[in-house]
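See structure below.
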2 protein chains.
Amino acid sequence: MSNEAHSPRRRRGSEQPTLKEVAEAAGVSAITASRALNHPDQVNERTRARVLEAVERLGYVPNLVAGSLASARSRFIAVIVPSLANTVFIEVIQGLQETFEAQGYQILLGNTDYDTEREYQLVRTFLGWSCSALVTAGLRHSQACRTLLANWDKPIMEVMELGEALDLNVGLDHTEAGRCMARHLLERGHRRVLFVGARLASDYRAGMRYAGHREVLEQAGLAAPLIELDHGGLDAGAAGLARALENHGDVSAIHFANDDLATGALLHAQRLGIRVPHELAIAGFNGLPIGQHITPRLTTIRSPRQHMGQLAASEVIRRLEGKRIQRLQHDVGFELLIGEST
Amino acid sequence: MSNEAHSPRRRRGSEQPTLKEVAEAAGVSAITASRALNHPDQVNERTRARVLEAVERLGYVPNLVAGSLASARSRFIAVIVPSLANTVFIEVIQGLQETFEAQGYQILLGNTDYDTEREYQLVRTFLGWSCSALVTAGLRHSQACRTLLANWDKPIMEVMELGEALDLNVGLDHTEAGRCMARHLLERGHRRVLFVGARLASDYRAGMRYAGHREVLEQAGLAAPLIELDHGGLDAGAAGLARALENHGDVSAIHFANDDLATGALLHAQRLGIRVPHELAIAGFNGLPIGQHITPRLTTIRSPRQHMGQLAASEVIRRLEGKRIQRLQHDVGFELLIGEST
DNA sequence: GTGAAAGCGCTAACAG
DNA sequence: CTGTTAGCGCTTTCAC
């Protein structure tokens, strides 16, 4: 039986059984075996048991590639972030992952390194995998990428920030966050406030926070000087503090673009014997745990990053399941955490 | 032309052009178009230009699913880690990602939540995607998982720890790392040394470090008391310190299972006015940046995590390219970083 | 509830 | 260097 003279192609290296073989072993047709596995309710219970037994006995592992080709859909979700080195994206990914995995979706992770051309390439690749949806960090894309996505009929979710989105959008208002912290510093009586960030062209959301910060200061008739560092991290924060003291010795507060910089600066200030906040106030953004463990505790803004991922995933899943989406856009907000560093 | 009376199936939702259509537009056969894209050197330069032009004009995006089915290989690399909440795994993933992506491989990320049954399910799924290789964190797997992998003929790379591996192995010796830190503490004159870890059954590599620690202490005729916390993080470190002071008030040093715990404890000690290391020495493991920014700097052990990922990926790629692998196992080692906390 | 036939879009194998 | 043919393993469609 089934003994062809020539078998022109048998690539499946090892003797991986196919669905057809499982079906034969169970005495049913391939399609019934398929249904037994994927739509159990469409198959007689006893038939299903026979199929499952055969699956077990033969050690069958479904070929998902073939399934995807035939059905023109994979259960892949493309997730594109600019960096894995930044906790912020990791936490969003965590939220996405737990929610999607629980529904049987598999994440396909891409890293653009803050390069929109790279993003475009990743999107192309991911479309080629018949992804069920795309989640990407941010609203800025190359024109080619926009064109490609405009012709794509699956859910597109842009996370992190809020604005004019391609489709779905879950995020927070970074400009407003910048304003919020600037207002806090003004309330604390600071009049000479410096903003220190890193690579604001790439980390343009930090740039938006600076814009908000600047707006508030200028409305109060104050200058909004900026120091832009060429990389981030704790070391950079310490270096930023040093530069600030050198070039802006008269500032009474520094608004850092994120908690890594702010924490690095705060710990460096301790080493230098600068008393925070009396001699210098320090503020950050993100609400990382470390900021709440150092003394003085860091004044910062906490964003619900994991929740952002969960919400984004839930909304995408709703759409995939054909449920009505009430709003295309969700503002997850933020929270000013006032520590003793300001 | 090519106008069939009935088109039984056209799933590709939008009008995504196929390779065949590109080929027609370029006046070549499908296989030539395929070669022009995937094996440019096998095709006449002018033919290739025509194909590329047609690709551009039609906005063709290759269907990778179909390609994988036909060739029985995807360029997927399955990567399985127990958690995304732990920096350690993220850094390894980063190393893997940059190296694999540079060679055109796509990572398929799975998270087991420290559950070997979940790992088994992930492995099954990933095998179904015709992954080119599997990278997994750790050497411990369920029996079902081992059986499944034993019949798989693609490269398997186990990272993080060293030991009897399924195939390739890149990691470090955690028991030795535990010994190393214990010896350091003994050298510093400590005789009452406590080990504090979290969920050692899940984080069994921390358990191995404790085993090494204990071995050294017992050889010196000392006890090796242990406090096991039910979760990790900075908060837990602070709580661990509190528990230590309460139940082991006479200890002169605490060896924490990782830097998160150690940092949380160290910062908490500062708040309590406990002078480190004079009244209490504190040591960690991982060599996270934060430990080198706090005062006193944390004594810890640094492991080359990103390098571990890069090396693991390189070795897998060598194998995939058919090159000879010189050694199946690589010890990436570790480095004792002596701060002022001990 | 089950099956037969057709084909998803691409590439391997050969032939020229 | 290019083309023809025959599938990869599965699911859709439609019939029973």
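Because the structure is predicted, anything quoted here is derived from the model rather than measured. Just so it is clear: chains get the letters A, B, ... in the order the sequence lines come, proteins before strands, and each one is counted from 1.
By the neighbour-count criterion of 12 heavy atoms within 6.0 Å, atom CD of B/E56 is sparsely surrounded, having that number or fewer from other residues, nucleotides or ligands. Heavy-atom contacts from other residues, nucleotides or ligands closer than 6.0 Å to CZ of B/R118 number more than 12.
One finds no side-chain N or O of A/S29 lying less than 4.0 angstrom from the OP1 or OP2 phosphate oxygen of C/dT2. Neither OP1 nor OP2 of C/dC10 sits under 4.0 Å from any side-chain N or O of B/R73. A close approach under 4.0 Å does not occur between any side-chain nitrogen or oxygen of A/N63 and OP1 or OP2 of D/dC8.
A donor-acceptor pair under 3.5 Å is formed between the side chain of A/N63 and the backbone N or O of A/A66.
The nucleotide whose nearest atom lies closest to any side-chain atom of A/T32 is, among D/dT11, C/dG3, C/dC10, C/dG3. Looking at the side chain of B/N44, the nearest of the listed nucleotides D/dT2, C/dC8, C/dA4 is D/dT2. Nearest to the side chain of A/I31, among D/dT12, C/dT2, D/dG3, sits D/dT12. Closest to the A/V43 side chain, of the nucleotides C/dT2, D/dC8, D/dC10, is C/dT2.
Residues B/F126 and B/W152 place their aromatic rings such that the two centres sit no closer than 6.0 Å. Not less than 6.0 angstrom separates the ring centroid of B/F76 from the ring centroid of B/F100.
In this structure the side chain of A/Q121 reaches within 4.5 angstrom of the side chain of A/E117, judged on heavy atoms.
In this structure, A/L19 places its CG atom 14 Å from P of C/dA4, rounding to the nearest Å. At whole-Å resolution of the value, CD in B/Q16 and C1' in C/dC10 are 15 Å apart. Rounded to whole angstrom, the span from the CG atom of A/L37 across to the P atom of D/dT11 amounts to 8 Å. Atom pair B/L64:CG and D/dC8:C1' shows a separation of 15 Å (rounding to whole Å applied).
When only modelled atom types and interatomic distance are considered, B/E101 and B/Q106 share no side-chain donor-acceptor pair under 3.5 Å.
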Would B/R319 and B/E315 satisfy salt bridge (Lys or Arg N to Asp or Glu O under 4.0 Å), going step by step from the backbone distance to the final call?
CA-CA 6 Å; B/R319 172 73 74 77; B/E315 289 295 296; over 6 Å; no

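Using a 4.0 Å heavy-atom cutoff across all strands shown, A/V28 reaches sugar-phosphate atoms only and no base atom.
Near-neighbour residues of DNA chain D inside residues 47-60 of chain B, defined by a heavy atom below 4.0 Å, number-ordered: B/T47.
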Please tabulate the protein-to-nucleotide N/O contacts below 3.5 Å involving nucleotides 14-16 of chain C, giving atom names and distances.
none

Donor-acceptor contacts under 3.5 Å from residues 132-140 of chain A side chains, at least two apart:
from: A/S132; atom 1: OG; to: A/S74; atom 2: O; distance (Å): 2.5
from: A/T136; atom 1: OG1; to: A/E119; atom 2: OE2; distance (Å): 3.0

